[in-house]
Student: 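Mind having a look at this structure? Questions to follow.
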Amino acid sequence: MNTNQELRQLLSQIDRKSYPAYKQLKGVYRFDGYFLNIVHVQGDPFASPSKVNIQVPGSRSGLDELQMYYNTEEKKVALEDYLLREFGKKLQQFSFQAKGSGKSGILSISRPGQEVLTRTACELEKKSGKLTLRLEVGFPANGRTVNSRELEKIFFDFLPVCVREVLYASSLDKRKIQQVTELAEDQTFVRQELKKRDLVAFVANGSILPRESGVSKKPMKQAVPFQSPKEMEISLELPHHGEISGMAVPKGITMIVGGGYHGKSTLLKALELGVYNHVAGDGREFVITDDSAMKIRAEDGRSVKQVDISLFINNLPDGKDTTHFSTEDASGSTSQAANVIEAMESGSQVLLMDEDTSATNFMIRDELMQRVVSQEVEPITPFTMRVKELYEEYGVSTILVAGSSGSYFHVADHVIQMNQYEPFEITALAREAVKDFPLPEQQAPQISEPDYIRVFRQDRKFAADGRVKMKTQGLDGIQMNKDYIDLRYVEQLADSEQLTALAQLMKFMKKQGIDGRRTLRQVVEYTWKAWQDNGWEAVCGTAQIPGNLSMPRKQEIFACADRWRNLETKS
C-alpha cells in the first residue's frame with residue numbers, strides 16, 4: 001500500500017507525458033482517514049471515466065459507533081442509499097471543476113431514483129462499519145497529454161472535502177439518519193403485516209400516486225391525495241410513525257374500474273413499484289405491495305421455451321404440445337399465458353394486469369363469440385375462466401384494471417372504482433348488476449398443475465470464454481456478446497443498474513449455474529445463494545466490483561433468463 005505523498009510524487013513525474021502514463025497510478029493509497037483505490041484507468045480522455053473506490057474504516061469515520069442505524073438489513077440498505085445520495089450531491093459540486101479535454105474532470109457516482117435499492121455504489125459492512133464508495137473520475141488531459149496538476153486537485157482538494165463532509169459521523173445529520181432508518185423499519189413492518197393479515201397490498205391515505213410526467217418519477221404537484229374507501233380502510237400502528245390508515249387489498253381477485261383518465265392505471269403502477277421501498281417525499285412511501293407481485297402483459301414476438309401453458313391453451317390446430325410449449329415468435333395470447341406460468345414458477349403470489357396491455361382473446365370470450373365459435377374449436381381458455389382457480393388452487397391473487405369489459409365482475413371478490421383519482425368500493429353494486437348479465441354455462445377443461453421442470457443445456461463454449469461482452473441499453477435490454485435480451489416489457493425493473501446486474505447474473509448462471517441437470521428454479525436459487533453468501537465478487541468473478549450494479553428481485557432474474565433466446569432447453 002502506498003501513501004498519498006507517493007501518489008503526489010507520481011503525479012508530478014507523469015505530468016505532460018502521453019495519456020497512457022496515467023496507468024502507473026493504479027493501486028491503493030492511504031489518505032488521512034480513508035483509502036483511495038484507483039481500480040481502472042481510462043485509455044484516453046474521451047473514453048469512459050476511470051474507476052476509483054474510496055474506503056473509509058468504521059473506526060476512522062465513527063460509523064462503528066452508530067450501528068443502531070444499520071443493524072438490520074432494511075436499515076443498512078436505507079442508510080447506504082442516504083449516504084450515496086448525499087455523497088452524490090457533494091460530488092456534483094466539484095464535477096468538471098478540474099479542466100481539460102474530453103471527459104476531463106468529470107466526477108460521478110450512481111444516481112438513485114425514487115426507489116431504495118441495494119447498490120454496489122455504496123456498501124456498508126454491518127460488523128465493522130467500513131464504508132466503500134465506487135465512483136468515476138475523468139482523469140484530466142490537454143489533448144492527449146497528462147494534466148496531472150488538475151488531477152491533483154481532484155485527489156487532494158475535492159475528494160477529501162466530499163469524504164470529510166459526508167462520510168464522517170461527526171458531519172452527519174443524526175436526526176436525518178434516524179428518520180431514514182425509521183422509515184425503512186416502518187415499511188418493513190407494513191410488509192410483515194400484509195402476510196399476517198392475508199393482504200396483497202396497502203395504500204396509505206394521503207399518498208400521492210400520480211407522477212410529475214411520463215419521464216419523471218417525482219410526485220405530481222397539486223395531485224389528489226389518495227383516500228381509502230371506508231369499506232377497505234384499516235389502521236396500522238407503526239413502530240415509529242405511529243398510527244397510519246389506508247386501503248388494504250385482500251388476497252383474492254380485485255378489480256380496478258372506472259372511466260378513462262380517472263386513475264386506474266396510476267393506482268396499478270403504484271402497486272407495481274410497491275414491491276420496492278421509496279424515499280421520503282416520494283408520495284408512495286407507504287404504498288406497499290407483496291414483494292413477489294409480478295406485472296403480467298402480452299408480449300408479442302418474445303421467445304418461449306418449454307413452458308407448460310396448458311392451463312390456458314390446448315388443442316392447437318397443428319397439434320403442438322402446450323405442456324412443453326416453445327416458440328421463437330409468441331402471439332399476444334401465448335406470450336401472456338407463458339408470462340403467467342413463468343411468474344408462478346418464479347414464486348409470485350400476486351399477478352398485476354391492465355386490460356390495455358393484455359391480449360383480448362387471452363382475457364375474455366364474450367357470449368356472442370362463444371355462440372358463433374364453440375368452445376370445442378377454440379384452443380384458448382380465457383383468463384376469466386381460470387382466475388378463481390389460480391387463487392383457490394394455487395394461492396395466486398390477481399389485481400386487474402378493466403375499463404371496457406365487465407366479464408370479471410362475475411368472479412371478482414372486490415371491485416374498486418376510480419373516479420377523479422378517488423377510489424370507491426362498489427363490490428355490492430357490481431354483484432347486483434351481474435344478475436342482469438348472466439354468463440353462459442361454461443366450464444374450463446380440467447388441467448393438472450403446471451410443470452415447472454425446465455432444464456437448460458450447458459454451453460461449454462460460453463463457460464470457457466474468458467471474456468463476455470455485456471452492454472446495458474437503459475431499461476430496454478442487455479447485450480450479451482451477440483445476443484440481445486429484450487426486457488422492455490418487464491415493467492417492474494426500476495433502474496438501469498438492475499439491468500447491468502442482470503447481465504452479470506446471466507453470465508454467472510450460464511458459466512456456472514446451468515449444468516444440464518439443474519432446473520431453472522434450482523439455477524436461480526444457486527445464483528441467488530452465491531450472491532448472498534459471497535457477494536458480487538463471486539458473481540462477477542473478480543475482486544474489483546463494478547460500481548453500477550443494483551440487485552433485482554428473483555422474479556426479474558427468472559424473466560431475464562426466460563427472454564434469453566440463446567438459452568436452449570433440454571427436451
Side-chain angles (χ1 to χ4, degrees), residues 34 36-40 42 47-56 61 63 70 73-74 76-96 103 105-125 130-138 154 158-159 161-163 165-167 172 177 180 184 215-218 273 276-282 470-476 478 487 492-505 531 535-537 539-540 542 544-553 556:
Y34 66 95
L36 178 75
N37 183 3
I38 301 174
V39 177
H40 169 76
Q42 62 203 89
S48 296
S50 302
K51 307 296 187 288
V52 174
N53 296 350
I54 291 174
Q55 291 186 338
V56 188
S61 68
L63 288 175
Y70 57 92
E73 187 61 24
E74 67 271 11
K76 183 177 84 74
V77 172
L79 180 55
E80 289 169 339
D81 179 83
Y82 171 74
L83 292 173
L84 175 59
R85 292 172 192 268
E86 293 300 304
F87 190 83
K89 290 176 190 175
K90 179 60 65 173
L91 197 67
Q92 191 65 28
Q93 296 176 12
F94 296 105
S95 190
F96 290 115
K103 296 180 180 176
I106 189 172
L107 295 173
S108 66
I109 197 165
S110 174
R111 300 182 65 180
Q114 301 298 93
E115 293 77 23
V116 179
L117 306 174
T118 302
R119 298 177 187 273
T120 56
C122 180
E123 292 188 312
L124 178 62
E125 286 189 3
K130 183 178 82 171
L131 191 63
T132 301
L133 278 293
R134 298 182 174 92
L135 56 146
E136 293 186 331
V137 177
I154 294 174
F158 302 163
L159 290 183
V161 171
C162 295
V163 173
E165 295 188 4
V166 178
L167 304 182
L172 291 173
I177 289 177
V180 165
V215 294
S216 172
K217 291 186 176 183
K218 294 182 179 179
L273 294 175
Y276 305 114
N277 287 347
H278 288 78
V279 294
D282 171 75
M470 299 179 292
K471 184 179 180 181
T472 302
Q473 297 184 2
L475 289 173
D476 288 345
I478 55 180
L487 298 171
Q492 287 164 288
L493 285 167
D495 194 290
S496 62
E497 291 190 358
Q498 290 179 307
L499 279 79
T500 308
L502 281 170
Q504 294 284 356
L505 292 163
W531 173 72
W536 283 107
E537 294 94 335
V539 174
C540 299
T542 175
Q544 300 300 343
I545 304 170
N548 60 344
L549 305 180
S550 178
M551 193 64 181
R553 301 181 303 157
E556 280 70 47

Student: Which atoms form the tightest heavy-atom contact between L549 and C540, and what is the distance?
Tutor: CD1-SG, 3.9 Å

Student: Between L172 and L63, is a side-chain contact (heavy atoms from CB on, under 4.5 Å) present by the stated rule, with each step listed?
Tutor: CA-CA 10 Å; L172 291 173; L63 288 175; 3.9 Å; yes

Student: Quick one: CD on Q492 to CG on L273, what's the gap to the nearest 0.5 Å?
Tutor: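 It comes to 7.0 Å.
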
Student: Within a strict 4.5 Å, meaning less than it, do heavy atoms of the E556 and Q498 side chains meet?
Tutor: no

Student: Is the shortest side-chain heavy-atom distance between L502 and L487 below 4.5 Å?
Tutor: yes

Student: Minimum heavy-atom separation for T118 and V77, please, with both atom names.
Tutor: OG1-CG2, 3.7 Å

Student: About how many Å separate CG of L91 and CZ of R111, when rounded to the nearest 0.5 Å?
Tutor: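 With rounding to 0.5 Å, CZ (R111) is 10.5 Å from CG (L91).
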
Student: Heavy-atom distance under 4.5 Å between the side chains of L505 and M551, does that happen here?
Tutor: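 Yes; the side chains approach each other to less than 4.5 Å.
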
Student: Nearest 0.5 Å please: distance from the CG atom of L135 over to the SG atom of C122.
Tutor: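 Going from the CG atom of L135 to the SG atom of C122 covers 11.0 Å.
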
Student: Does the distance from a Lys or Arg side-chain N to an Asp or Glu carboxylate O, for E86 and K90, drop under 4.0 Å?
Tutor: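 No, this pair does not count.
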
Student: To the nearest 0.5 Å, how far apart are CG in D81 and CG in L124?
Tutor: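 D81 CG to L124 CG: 12.5 Å, rounded to 0.5 Å.
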
Student: If you apply the rule side-chain contact (heavy atoms from CB on, under 4.5 Å), what do you find for M470 with Q504, and how did you get there?
Tutor: CA-CA 8 Å; M470 299 179 292; Q504 294 284 356; 3.6 Å; yes

Student: Rounded to the nearest 0.5 Å, how far apart are CD of E123 and CG of L133?
Tutor: 10.0 Å

Student: Contact between D495 and E115 at the side-chain level, heavy atoms closer than 4.5 Å - yes or no?
Tutor: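 A side-chain contact is absent here, since even the closest heavy-atom pair is not under 4.5 Å.
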
Student: Main chain of Q544, side chain of K51: is a donor-acceptor contact present, judged purely on distance under 3.5 Å?
Tutor: no

Student: Do I54 and L36 make a side-chain contact, defined as non-hydrogen atoms from C-beta onward lying under 4.5 Å apart?
Tutor: yes

Student: Once you round to the nearest 0.5 Å, how far does NZ of K103 lie from OG of S95?
Tutor: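 The NZ atom of K103 sits 12.0 Å away from the OG atom of S95.
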
Student: For the residue pair Q93 and V161, establish whether any side-chain heavy-atom pair is separated by less than 4.5 Å.
Tutor: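 Result no, sub-4.5 Å side-chain heavy-atom pair not found.
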
Student: Identify the two heavy atoms, one from L159 and one from Y34, that lie closest to each other, and give their separation to 0.1 Å.
Tutor: C-OH, 4.4 Å

Student: Are side-chain N/O atoms of S50 and Q42 paired as donor and acceptor at under 3.5 Å?
Tutor: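 Yes.
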
Student: Quick one: does any side-chain atom of Y276 pair with a main-chain N or O of Q114 as donor and acceptor, under 3.5 Å?
Tutor: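 No, because the side chain of Y276 does not come within donor-acceptor range (under 3.5 Å) of the backbone of Q114.
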
Student: Any non-hydrogen side-chain atom of V39 less than 4.5 Å from a side-chain atom of R134?
Tutor: no

Student: Write down the atom of S550, the atom of L117, and the distance for their closest heavy-atom approach.
Tutor: OG-CB, 3.3 Å

Student: So which heavy atom on S110 is nearest to which on R119, and how close?
Tutor: OG-NH1, 3.6 Å

Student: What pair of heavy atoms forms the shortest contact from F158 to L107, and how long is it?
Tutor: CD1-CD1, 4.4 Å

Student: Where the side chain of T500 meets the backbone of S496, is there a donor-acceptor pair that is under 3.5 Å apart?
Tutor: yes

Student: So, do S61 and L131 sit near enough that their side-chain heavy atoms are less than 4.5 Å apart?
Tutor: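 Of all side-chain heavy-atom pairs linking L131 with S61, none is under 4.5 Å.
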
